[in-house]
Amino acid sequence: MPARYTHGHHESVLRSHRWRTAENSAAYLLPHLRPGMSLLDVGCGPGTITAELAARVAPGQVTAVEISPEALEIARAELAGRGVANVAFVLADVHALDLPAGAFDVVHAHQVLQHVADPVRALAEMRRVCRPGGLVAARDCDYATFTWFPELPELAEWLALYRRIARANGGEPDAGRRLLSWARAAGFTEIAATASTWCFATPEDRAWWGGMLADRIVASDLARAAVEDGVAEADLHRLAAGWRAWAAAGDGRLALLHGEILCRA
């Protein structure tokens with residue numbers, strides 16, 4: 001069964017995706033980038049990471065891939081607004097990229113493999129379009145590693161709900177811990193596996209993160225999937241109130257772990 005993208009493209013989802021930068025989401029890859037490289041960005045989202053990767057490899061070319069026309073247009077508009085000229089856009093499925101073998105020096109995917117139906121096949125396809133000796137890079141979070149304080153029960157309920165819906169949609173929310181295994185199964189033999197974190201503890205960070213997740217649990221595709229799964233809308237609003245209570249806590253803190261892989265093609 002094809003995977004269904006759990007989050008969708010509601011404003012609350014794009015709000016979090018637009019926060020992402022190359023520094024806070026692809027730092028493990030940056031030391032390996034050089035001007036003139038060709039780079040494929042799989043699942044580019046709204047394009048904020050793509051734009052910064054494009055600046056790093058310029059005058060090299062970047063190809064940004066998304067699976068839906070809607071998502072691709074969001075990225076196209078973002079990069080046009082930034083005046084980024086060295087990015088081309090391709091509509092494609094990572095399981096079967098309509099791109100030539102060995103075409104790219106670097107193939108990158110951020111928070112993508114947790115949502116696909118067959119991550120091993122996806123990595124094998126990323127390897128196919130990477131030149132021999134090039135790099136395939138992927139980073140995915142591990143939802144089971146979410147930790148927070150205060151230990152509000154609504155947040156634990158939210159996490160259990162998200163993991164259940166994500167798996168029902170054909171994804172793997174705890175992808176970060178599986179990246180090394182998936183890469184080995186895809187045929188890579190030279191793999192550097194690392195990890196990094198996001199941490200939200202300042203009042204500003206809590207207000208942004210808590211507000212975004214409160215909005216997402218009542219208005220995004222996740223909310224619709226939860227209702228289809230039998231969750232009452234009143235319960236979704238109760239979970240949203242839990243996120244707002246966490247954001248308002250003066251001693252509030254949340255952290256999560258990401259797995260990362262750098263694979264030599």
Side-chain angles (χ1 to χ4, degrees), residues 1-21 24-26 41-50 64-75 77-78 91-95 108-119 122 138-146 148 154-155 157-176 178-179 198 200 208-229 231 233 235-237 239-240 242-244 247 254 256-259:
M1 182 186 72
R4 172 183 174 188
Y5 183 48
T6 299
H7 300 297
H9 299 96
H10 184 263
E11 181 278 330
S12 59
V13 177
L14 296 177
R15 192 190 317 165
S16 67
H17 290 180
R18 289 186 172 118
W19 166 84
R20 298 171 182 174
T21 66
N24 68 30
S25 299
D41 194 18
V42 176
C44 65
T48 54
I49 299 174
T50 314
V65 165
E66 265 295 349
I67 195 168
S68 74
E70 174 193 14
L72 204 61
E73 284 307 310
I74 291 169
E78 177 71 28
L91 191 67
D93 181 347
V94 67
H95 297 98
H108 167 262
H110 184 259
Q111 310 297 352
V112 171
L113 297 178
Q114 64 186 281
H115 297 294
V116 304
D118 189 341
R139 182 177 191 254
D140 273 272
C141 69
D142 191 317
Y143 272 80
T145 68
F146 269 68
W148 55 79
E154 293 85 358
L155 272 61
E157 190 176 341
W158 165 87
L159 180 57
L161 173 63
Y162 176 79
R163 294 174 79 208
R164 185 174 81 245
I165 296 297
R167 289 192 171 119
N169 283 342
E172 176 44 69
D174 301 341
R178 292 170 165 82
L179 292 180
W198 285 341
F200 303 95
W208 176 80
W209 183 264
M212 177 268 295
L213 286 178
D215 291 345
R216 190 183 293 193
I217 195 60
V218 298
S220 71
D221 283 9
L222 172 63
R224 284 189 284 275
V227 171
E228 291 171 4
D229 193 54
V231 179
E233 290 189 15
D235 284 328
L236 298 181
H237 283 278
L239 300 185
W243 274 114
R244 294 192 180 96
L254 181 144
L256 62 149
L257 187 69
H258 303 265

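Reckoned from all heavy atoms, side chains included, excluding hydrogens, waters and symmetry mates.
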I'd like to check [X] versus [Y] (side-chain heavy atoms, cut-off strictly below 4.5 Å). Are they in contact?
X: V231; Y: R164; result: yes
X: H17; Y: T48; result: no
X: R167; Y: D174; result: yes
X: Y143; Y: Q114; result: yes
X: I49; Y: H108; result: yes
X: D235; Y: L161; result: no
X: I67; Y: H95; result: no

- request: Please name all residues satisfying ring pair (Phe, Tyr, Trp, His ring centres under 6.0 Å) with W19, sequence neighbours left out, ordered by chain then number.
  value: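 Counting only residues at least two positions away or on another chain, W19 forms a ring pair (Phe, Tyr, Trp, His ring centres under 6.0 Å) with W198, F200, W208.
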
Heavy-atom closest contact ([X] atom, [Y] atom, distance):
X: A144; Y: R163; value: CB-NH2, 3.8 Å
X: V65; Y: A92; value: CG1-O, 3.7 Å
X: G242; Y: E154; value: CA-CB, 3.8 Å
X: A64; Y: L72; value: O-CD1, 3.9 Å
X: R20; Y: S25; value: CB-OG, 3.5 Å
X: E78; Y: G47; value: CG-C, 4.4 Å

- prompt: Any Lys/Arg nitrogen of R178 or D140 sitting under 4.0 Å from an Asp/Glu carboxylate oxygen of the other?
  reply: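 Answer for the salt bridge query: no.
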
Could you grab the distance from atom [atom1] of [X] to atom [atom2] of [Y], nearest 0.5 Å is fine?
X: L155; Y: L239; atom1: CG; atom2: CG; value: 8.5 Å
X: D142; Y: L256; atom1: CG; atom2: CG; value: 9.0 Å
X: L254; Y: W243; atom1: CG; atom2: CH2; value: 5.0 Å
X: M212; Y: I217; atom1: CE; atom2: CD1; value: 11.5 Å
X: E228; Y: D221; atom1: CD; atom2: CG; value: 9.0 Å

If the condition is side-chain hydrogen bond (donor to acceptor under 3.5 Å, both in side chains), which residues does [X] pass it with, not counting sequence neighbours?
X: Y162; value: H7
X: E73; value: R76
X: D118; value: none
X: R15; value: E11, D215

field: Residues forming a side-chain contact (heavy atoms from CB on, under 4.5 Å) with V218, sequence neighbours excluded
entry: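 Expected list: L236, H237, A240.
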
- request: Please name the residue in the list V94, L179, V42 that meets the side chain to side chain contact (heavy atoms under 4.5 Å, CB included) test with L113.
  value: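 Checked V94, L179, V42 against L113; only one passes side chain to side chain contact (heavy atoms under 4.5 Å, CB included): L179.
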
